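One structure below.
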There are 2 protein chains.
Amino acid sequence: MTAPAPLSAPRAFEVVLEWVESRILAGQLHVGDLLPPERELARQLGVSRSAVREAVRTLAAQGVLRSSVGAGGAGGTAVTAVPSRALERFLRLHVALANFPVDDVIQARIALERLSARLATANARASDLAAMREALAAMDVAGIDKSAFNDADTAYHVAIAGAAGNRLVADMTVAIRESMRLPLLDAFRNVGEWDDLVDGLRAQHQAIYRAIEERDADRAEDLVEEHIRSAWHRLAPSFDRRWGTSEDSRPGTQI
Amino acid sequence: MTAPAPLSAPRAFEVVLEWVESRILAGQLHVGDLLPPERELARQLGVSRSAVREAVRTLAAQGVLRSSVGAGGAGGTAVTAVPSRALERFLRLHVALANFPVDDVIQARIALERLSARLATANARASDLAAMREALAAMDVAGIDKSAFNDADTAYHVAIAGAAGNRLVADMTVAIRESMRLPLLDAFRNVGEWDDLVDGLRAQHQAIYRAIEERDADRAEDLVEEHIRSAWHRLAPSFDRRWGTSEDSRPGTQI
DNA sequence: GATTCATATTGGTCAGACCATTGTGGATGG
DNA sequence: CCATCCACAATGGTCTGACCAATATGAATC
């Protein structure tokens with residue numbers, strides 16, 4: 001009856017996780033820094049190499065570590081910074097699991113893209129505007145393929161998010177848009193009156209661009225919201241039930 | 001010169017990842033479903049058990065899988081749904097890596113909590129309001145400990161997010177608030193005029209609660225924004241530079 | 001001095017073993 | 001017949017040790 005006995009002994013890979021995380025949170029590990037070799041770290045922490053590898057996989061899944069083989073500085077496991085991929089996979093999977101009803105995602109997207117649009121009117125540089133025009137031009141091609149249009153559409157929204165200059169909002173926007181790329185393409189394929197729809201989207205995109213170019217924040221954010229809402233209303237009926245549209249949402253959650 | 005030769009052979013654990021992900025995205029795997037035992041899955045896919053385990057760790061890091069030992073239905077690896085933990089770790093690490101400047105995070109938080117407040121006025125149930133009142137009461141204790149106040153503060157904002165009924169927004173809000181719990185506690189400890197500050201926060205919280213209770217969406221979201229902004233202005237000077245406050249933000253990105 | 005090649009380093013993978021936890025069903029005893 | 005207990009099997013967690021593949025480095029060669 002000496003010690004209360006630890007209720008749950010930390011698992012081996014969690015020891016490694018803790019080692020890396022605490023160093024990152026304490027500012028001792030920065031982007032670009034190399035971790036010790038797996039064998040060495042395993043020896044240091046008194047765990048097996050498999051435990052180290054599982055911890056590394058966990059952090060790599062968060063976009064925090066990146067491993068590459070080979071000797072010298074190019075090889076090894078390093079601290080990295082690619083949050084968007086990780087966020088995208090995260091959203092894609094949880095949306096598919098109906099953890100996040102599509103309606104909820106659209107609502108979040110509106111809030112984020114409103115902010116993006118507002119910030120973009122303040123922060124957009126010439127190069128940002130050029131990227132937006134490029135995406136607009138790509139969508140303007142007559143008789144454009146649905147898939148190509150979808151890609152350019154994504155690129156346009158991503159360009160706005162990038163122009164906003166807020167990395168978190170930009171990454172979240174990218175992740176949301178990318179996580180819905182396939183479902184949206186699916187809806188594009190099934191929707192009727194494609195030509196009519198695409199003309200409307202083009203006009204809305206152009207209007208948003210003008211608002212940003214003219215630095216009219218209020219107009220820009222309202223146009224963005226209106227754009228997302230109307231597109232969603234148009235596409236929702238063609239949206240495959242597979243993607244989990246509002247089954248059990250609360251009464252007021254509709255968009 | 002037959003095949004273009006795969007530029008990068010899929011790694012073993014990616015085969016497993018693909019196997020699980022495609023089944024989730026195709027709707028063949030739902031929350032609660034059990035995966036085959038690791039040994040069995042390894043055999044099926046022709047990879048080693050370690051490869052399976054690394055893939056499982058990757059998906060567990062996203063909050064998509066959960067493993068537990070033991071025989072029967074209780075043991076095994078199952079599809080799960082705990083996105084908030086995963087999001088929280090994700091944000092905490094990337095904020096610490098200065099991938100996401102704190103100013104950016106605050107801005108995103110404002111956008112999300114504005115939405116939460118608006119939705120809460122429409123969707124809050126009696127039990128949600130009770131949870132909010134409970135957090136308010138916890139913050140009202142005279143001479144309250146800074147750490148306890150911080151916890152109750154978090155609980156209050158989380159309660160609003162929960163009342164909104166949008167799971168994605170709620171999880172993002174929780175993740176953002178939780179990821180800043182330690183830095184905020186740090187700032188609390190260093191800030192001067194604590195009593196004055198905490199009185200102001202209490203009053204703002206109460207005002208937000210009344211707006212939600214009275215179902216005044218516009219007032220609620222404006223009060224929330226004002227609350228977060230003023231708290232941040234108050235705390236920013238005491239914020240440890242370690243947490244990466246706006247070093248290289250664009251000119252217009254200040255809050 | 002440039003090129004080539006052996007070598008060391010490092011992550012990626014695998015096989016096989018043992019442990020700890022947990023449910024199950026059969027044996028045991030009332 | 002029922003309740004209790006226990007051996008056993010299933011499953012994830014961990015470890016060891018080995019080999020492969022990619023990559024940088026430096027020595028040997030031209």
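In what follows, every heavy atom counts, from backbone to side chain, and hydrogens, waters and symmetry copies are set aside. Note that the coordinates shown come from a computational prediction; the quantities given were computed from them, not determined experimentally. Proteins get letters first, then strands, A, B, ... in listed order; numbering begins at 1 in each.
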Partners of B:Arg43 by salt bridge (charged side-chain N to carboxylate O under 4.0 Å, His left out), sequence neighbours excluded? B:Glu40
Does any pair with a residue in residues 156-180 of chain A pass ring pair (Phe, Tyr, Trp, His ring centres under 6.0 Å), and if so which ones, sequence neighbours excluded? A:Tyr156-A:His205, A:His157-A:His205, A:His157-A:His227
Nucleotide by nucleotide, nucleotides 7-14 of chain D touches protein heavy atoms under 4.0 Å in the pattern (B base, S sugar-phosphate only, - none) ---BBBBB
Just jot down the salt bridge (charged side-chain N to carboxylate O under 4.0 Å, His left out) partners of B:Arg57, sequence neighbours excluded, or say none. A:Glu54
Pairwise side chain to side chain donor-acceptor pair (under 3.5 Å) hits with a residue in residues 78-93 of chain B, at least two apart: A:Glu21-B:Arg89
What pairs meet the side chain to side chain donor-acceptor pair (under 3.5 Å) rule with one or both residues in residues 169-178 of chain A, with sequence neighbours excluded? A:Asp153-A:Arg177, A:Thr154-A:Arg177
For residues 58-75 of chain B, pull every pair meeting salt bridge (charged side-chain N to carboxylate O under 4.0 Å, His left out), keeping only residues two or more places apart or in separate chains. none
Can you give the first and last nucleotides of DNA chain C, 5' to 3', that have an atom under 4.0 Å from a heavy atom of chain B? C:dG12 to C:dG23
Mind checking what makes salt bridge (charged side-chain N to carboxylate O under 4.0 Å, His left out) contact with A:Arg23, not counting sequence neighbours? none
